[in-house]
2 protein chains.
Amino acid sequence: MPKARPVHREAYERKAQIIKALAHPSRLMIVDALSEGEKCVQDLTEIVGSDMSTVSKHLTVMKAAGIVVDRKQGLQAIYRLRVPCILKFFGCVDAVLRANEESWRAASGG
Amino acid sequence: MPKARPVHREAYERKAQIIKALAHPSRLMIVDALSEGEKCVQDLTEIVGSDMSTVSKHLTVMKAAGIVVDRKQGLQAIYRLRVPCILKFFGCVDAVLRANEESWRAASGG
DNA sequence: TCCATGTTTGGCTATTGTGCCAAATATGCC
DNA sequence: GGCATATTTGGCACAATAGCCAAACATGGA
């Protein structure tokens, strides 16, 4: 008899989709910038430092994942974070980074 | 004077690296399984349902990112989560999923 | 309507990630 | 040492992603 654990594969796919939408340095920059408040694509383009079309595509990905939403104001598309808890990701990621540094120190130091 | 925002590009790269290591359905399954306690590669292989070599590579990626650690016990490599807060990711991801469903309902229903 | 501005989309190339098989490595037992 | 078991690594085929440029689209103003 196989494992009783149900294979929520679809559920995991959807979750992975969301996490994937965050798994890029430029997109993290964008989230970070948006944590201060909503911004238009131009602002984000300056911050990220890539082509505007590239930034727009990043935003499309994040929007599809449900991480950001946009509204139109005149010519501009203004983006904002959709779910506040996204910011908690950073805290945990930092914790991992700190742990990594410690391990590295421990490994090289003693 | 340019924007005061420093370009912590390297920092973002490192963070993205960690998030990327989670951004895959099989790896999420693994994290989920490990949240119950440490497991060897065989167990995880059964749970994930891929080739053992594939699972091993996933584990290598997560280990390099600092998400899991392994210890050797006889022939087995036993993996466990390294930083507890990883599990909070799921809570937020679920929140995004719920918000997505609501939006979808709102968009189609009214 | 024509033009300027802001954003998105198309298309292409280069890079990276994934998954399987087969082979190599590591450990324990006889 | 030789064999069985558990895991990792190499290598290749395939898919997915990222980035740029150019072109299309949308909006507002003259």
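Residue numbers begin at 1 in each chain, while the letters A, B, ... track the order of the sequences.
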**OP:** Starting at CG of B/Asp70, measure out to CE of B/Met62 and round the result to the nearest 0.5 Å.
**Re:** 11.5 Å
**OP:** Could you state the atom-to-atom distance from CG of B/Asp51 to C1' of D/dG10 in whole Å?
**Re:** 14 Å
**OP:** Could you tell me the separation between the NZ atom of B/Lys57 and the P atom of D/dT9, rounded to a whole number of Å?
**Re:** 9 Å
Original post:
Distance only, no hydrogens: is a donor on one side chain within 3.5 Å (strictly under) of an acceptor on the other, for B/Asn100 and B/Arg105?
Top reply: no
Original post:
Looking at A/Thr54, does any N or O in its side chain come under 4.0 Å of the phosphate oxygens OP1/OP2 on D/dG19?
Top reply: no
**OP:** Output the distance between atom CZ (B/Arg9) and atom CZ (B/Arg14), rounded to the nearest 0.5 Å.
**Re:** 13.5 Å
Subject >> 5' to 3' contact window, DNA chain C with chain B (heavy-atom distance under 4.0 Å) >> reply: C/dT18 to C/dG28
Original post:
Is A/Phe90 linked to A/Ile19 within one hydrophobic cluster, defined over Ile, Leu, Val, Met, Phe, Trp and Tyr using a side-chain heavy-atom separation of less than 4.5 Å?
Top reply: yes
Subject >> Distance, nearest 0.5 Å, that separates CD of B/Glu13 from CD1 of B/Ile18 >> reply: 12.5 Å
Subject >> Test item: B/Tyr79 and B/Asp43 side chains (from C-beta on) under 4.5 Å apart, heavy atoms >> reply: no
Original post:
Is B/Ser53 touching bases, backbone alone, or none of the nucleic acid, heavy atoms closer than 4.0 Å?
Top reply: base
Subject >> Nearest listed nucleotide, side chain of A/Arg27, among D/dC20, D/dA18, D/dT8 >> reply: D/dA18
Original post:
Taking CD from B/Glu46 and P from D/dT7, how many angstroms apart are they, rounded to a whole number?
Top reply: 11 Å
Original post:
Which residues in residues 61-79 of chain A have at least one heavy atom lying under 4.0 Å from any atom of DNA chain C?
Top reply: A/Leu75, A/Gln76, A/Ala77, A/Tyr79
**OP:** Say whether B/Tyr12 and A/Leu97 are linked into one hydrophobic cluster, either directly or through other cluster members, by side-chain heavy-atom distances under 4.5 angstrom.
**Re:** yes
Original post:
Rounded to whole angstrom units, what separation is found between the CD1 atom of A/Ile19 and the C1' atom of D/dT17?
Top reply: 18 Å
Subject >> Distance in Å, A/Leu81 CG paired with A/Leu34 CG, rounded so as to fall on 0.5 Å steps >> reply: 5.0 Å
**OP:** Specify the residue among A/His24 and B/Thr60 whose closest nucleotide of DNA chain D lies further upstream toward the 5′ end.
**Re:** B/Thr60
Original post:
Between D/dT17 and A/His58, is there an OP1 or OP2 to side-chain N/O distance shorter than 4.0 Å?
Top reply: no
**OP:** Inspect the contact between B/Lys15 and A/Asp94 and indicate whether a charged nitrogen and a carboxylate oxygen are less than 4.0 angstrom apart.
**Re:** yes
